Visitor: 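Structure in structure tokens, see below.
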Amino acid sequence: MRVLLLGGTGEARRLAARLTADGVDVVSSLAGRVRTPRLPAGEVRIGGFGGAGGLAAWLAAERVDAVIDATHPFAATITRNAADAAAAVGVPFVVLRRPGWRPGPGDDWHWADTIAGAADALPHLGRRVFLTVGRADLAPFAPLGLWFLIRSVDPPAAPLPREHVVVLGRGPFQVSGELALLREHRIDVLVTKDSGGDATSAKLAAARALGIPVLLVRRPALPDVPVVATDDAAVRWLAATGSG
Ligand code: NAP
């Protein structure tokens with residue numbers, strides 16, 4: 001059976017490794033945003049499909065039997081396009097989505113519905129910001145008269161805040177390193193998407209340890225499609241589609 005695995009996440013790489021080891025013909029798809037992506041096992045294609053219509057045509061031409069969307073929780077456009085395309089050509093479709101983060105004792109968490117909403121709320125929470133929302137979502141923060149430590153995988157482009165330092169990095173991160181970063185730059189507020197998962201959660205533990213507030217951006221809503229939360233559940237779903 002041939003499976004399109006929409007990726008760009010750690011769980012997509014894990015699932016690609018598992019399915020290819022099981023003899024499934026997996027094509028992983030990456031958007032091409034990262035200069036040197038970590039490549040999954042099996043066949044890989046890179047770049048957009050040209051919207052839902054382009055993806056539907058691709059699924060038909062490649063004779064794909066099932067689509068698994070293991071993209072980042074904030075990659076809402078590709079998930080909506082994939083749901084539409086799979087429905088249009090009658091290919092089974094599931095989203096593999098890791099759970100969001102949950103606050104624990106000692107956390108001082110604040111929520112925004114959007115990146116723009118986070119930028120609006122930020123001046124009420126601190127002056128020296130650790131901004132970890134990804135380089136594509138920095139523009140709303142550029143006009144704010146705050147100091148920023150910006151972390152991204154590849155160097156960010158303008159518009160950027162007037163006062164900022166960039167640190168390049170790709171998870172997984174450790175709590176000790178995150179604590180050192182927060183202390184070194186005298187950070188008093190952390191901004192993050194509710195990405196979930198272990199690879200980038202150390203910053204939350206570090207903020208808790210230092211009593212620093214965290215401003216989280218809520219996930220965009222998913223379309224009305226089947227959703228699983230683990231590799232195991234995705235493998236079971238694939239088997240249950242009838243040809244896995
Ligand atoms: P997006 O806004 O949902 O998608 C924008 C466009 O990029 C899509 O319409 C599609 O172009 C193309 N695209 C996105 N993911 C693709 C994939 N896996 N394979 C082929 N084309 C893809 O997505 P995004 O937020 O730019 O994220 C792009 C990729 O980076 C995703 O694979 C995601 O898993 C990863 N990522 C995103 C974030 C984040 O915070 N958004 C964080 C970490 C990793 P066409 O319409 O031309 O098909």
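The structure presented is a predicted model; accordingly, all values stated were derived computationally and were not measured. Read the numbers this way: they start at 1 and go in the same order the structure lists the ligands and their atoms.
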Visitor: Specify the protein heavy atom at minimum distance from atom 28 (C) of ligand 1: its residue, its atom name, and the distance to 0.1 Å.
Guide: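 Answer for atom 28 (C) of ligand 1: Ala31 CB, 3.5 Å.
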
Visitor: Between Thr71 and Asp69, is there a side-chain donor-acceptor contact under 3.5 Å, judged purely by atom types and distance?
Guide: yes

Visitor: For ligand 1, which atoms sit closer than 4.0 Å to a heavy atom of Lys193?
Guide: 39 (C), 40 (O), 41 (N)

Visitor: Check each of Val95, Leu6, Asp84, Val225 against Thr79 using the side chain to side chain contact (heavy atoms under 4.5 Å, CB included) test, and report the only one that passes.
Guide: Val95

Visitor: With rounding to the nearest 0.5 angstrom, report the CG to CZ distance, Asp120 to Phe141.
Guide: 9.5 Å

Visitor: Nearest protein heavy atom to atom 43 (C) of ligand 1, by residue and atom, and its distance?
Guide: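 Residue, atom and distance for the closest contact: His72 CD2, 3.3 Å.
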
Visitor: CZ of Arg236 to OG1 of Thr230: how many Å apart, nearest 0.5 Å?
Guide: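 That separation rounds to 6.0 Å.
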
Visitor: Taking the inter-plane angle between the rings of Phe74 and His72 on a 0 to 90° scale, is it parallel (under 30°), tilted (30 to 60°) or perpendicular (over 60°)?
Guide: tilted

Visitor: Got a second to check how far Lys193's NZ is from Thr200's OG1, nearest 0.5 Å?
Guide: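 Those atoms lie 11.0 Å apart.
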
Visitor: How far is atom 47 (O) of ligand 1 from its nearest protein heavy atom, and which residue and atom is that?
Guide: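 Result: Gly50 N, 2.9 Å.
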
Visitor: Could you identify the single nearest non-hydrogen protein atom to atom 11 (O) of ligand 1 and state the distance to 0.1 Å?
Guide: Gly48 CA, 3.6 Å

Visitor: So is Asp137 polar-close to ligand 1, meaning N/O to N/O under 3.5 Å?
Guide: no

Visitor: Working to the nearest 0.5 angstrom, can you tell me the gap between Arg170 CZ and Asp154 CG?
Guide: 7.5 Å

Visitor: Can you tell me the protein heavy atom closest to atom 18 (N) of ligand 1 and the distance?
Guide: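 Looking at atom 18 (N) of ligand 1, the protein heavy atom closest to it is Ser29 O, 3.0 Å.
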
Visitor: Among Ala75, Ala85, Gly7, Gly54, which one puts a heavy atom closest to atom 24 (P) of ligand 1?
Guide: Ala75

Visitor: Out of curiosity, is Gly47 lining ligand 1, as in a heavy atom under 4.0 Å away?
Guide: yes

Visitor: Purely on distance, is any nitrogen or oxygen of Val133 under 3.5 Å from one on ligand 1?
Guide: no

Visitor: In plain terms, say whether Arg218 and Asp113 are close enough for a salt bridge, that is, a side-chain N and a carboxylate O under 4.0 Å apart.
Guide: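 Between Asp113 and Arg218 there is a salt bridge, with a charged N closer than 4.0 Å to a carboxylate O.
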
Visitor: For atom 7 (O) of ligand 1, what's the nearest protein heavy-atom neighbour? Residue, atom name and distance, please.
Guide: Arg33 NH2, 2.7 Å

Visitor: Who's closest to atom 45 (P) of ligand 1 heavy-atom-wise, of Gly32, Ala12, Gly51?
Guide: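 Selected option, by shortest heavy-atom distance: Gly51.
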
Visitor: If you measure from each non-hydrogen atom of Ala76 to ligand 1, which part falls under 4.0 Å: side chain, backbone, both or neither?
Guide: backbone

Visitor: Who's the nearest protein heavy-atom neighbour of atom 35 (C) of ligand 1, and how far?
Guide: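 Protein heavy atom at minimum distance: Gly8 O, 3.9 Å.
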
Visitor: Quick check against the 3.5 Å criterion: does Thr241 have a side-chain atom that pairs as donor or acceptor with the backbone of Leu238?
Guide: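 Side chain of Thr241 to backbone of Leu238, a donor-acceptor pair under 3.5 Å: yes, one is there.
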
Visitor: Parallel, tilted or perpendicular: which describes the rings of Trp147 and His185, with under 30° parallel and over 60° perpendicular?
Guide: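 Parallel: the ring planes of Trp147 and His185 meet at under 30°.
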
Visitor: Nearest to atom 1 (P) of ligand 1, what protein heavy atom do you find, and at what distance?
Guide: Thr77 CB, 3.8 Å

Visitor: Between atom CZ of Arg45 and atom CH2 of Trp58, what is the distance when rounded to the nearest 0.5 Å?
Guide: 6.0 Å

Visitor: Should Phe49 be counted as touching ligand 1, given the test is an N or O pair under 3.5 Å?
Guide: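 Min N/O separation from ligand 1 is below 3.5 Å for Phe49.
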
Visitor: Taking 4.0 Å as the limit for heavy-atom contacts, which would you say applies to Asn81 with ligand 1: side chain only, backbone only, both, or neither?
Guide: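 Under 4.0 Å from ligand 1, Asn81 contributes side-chain atoms alone.
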
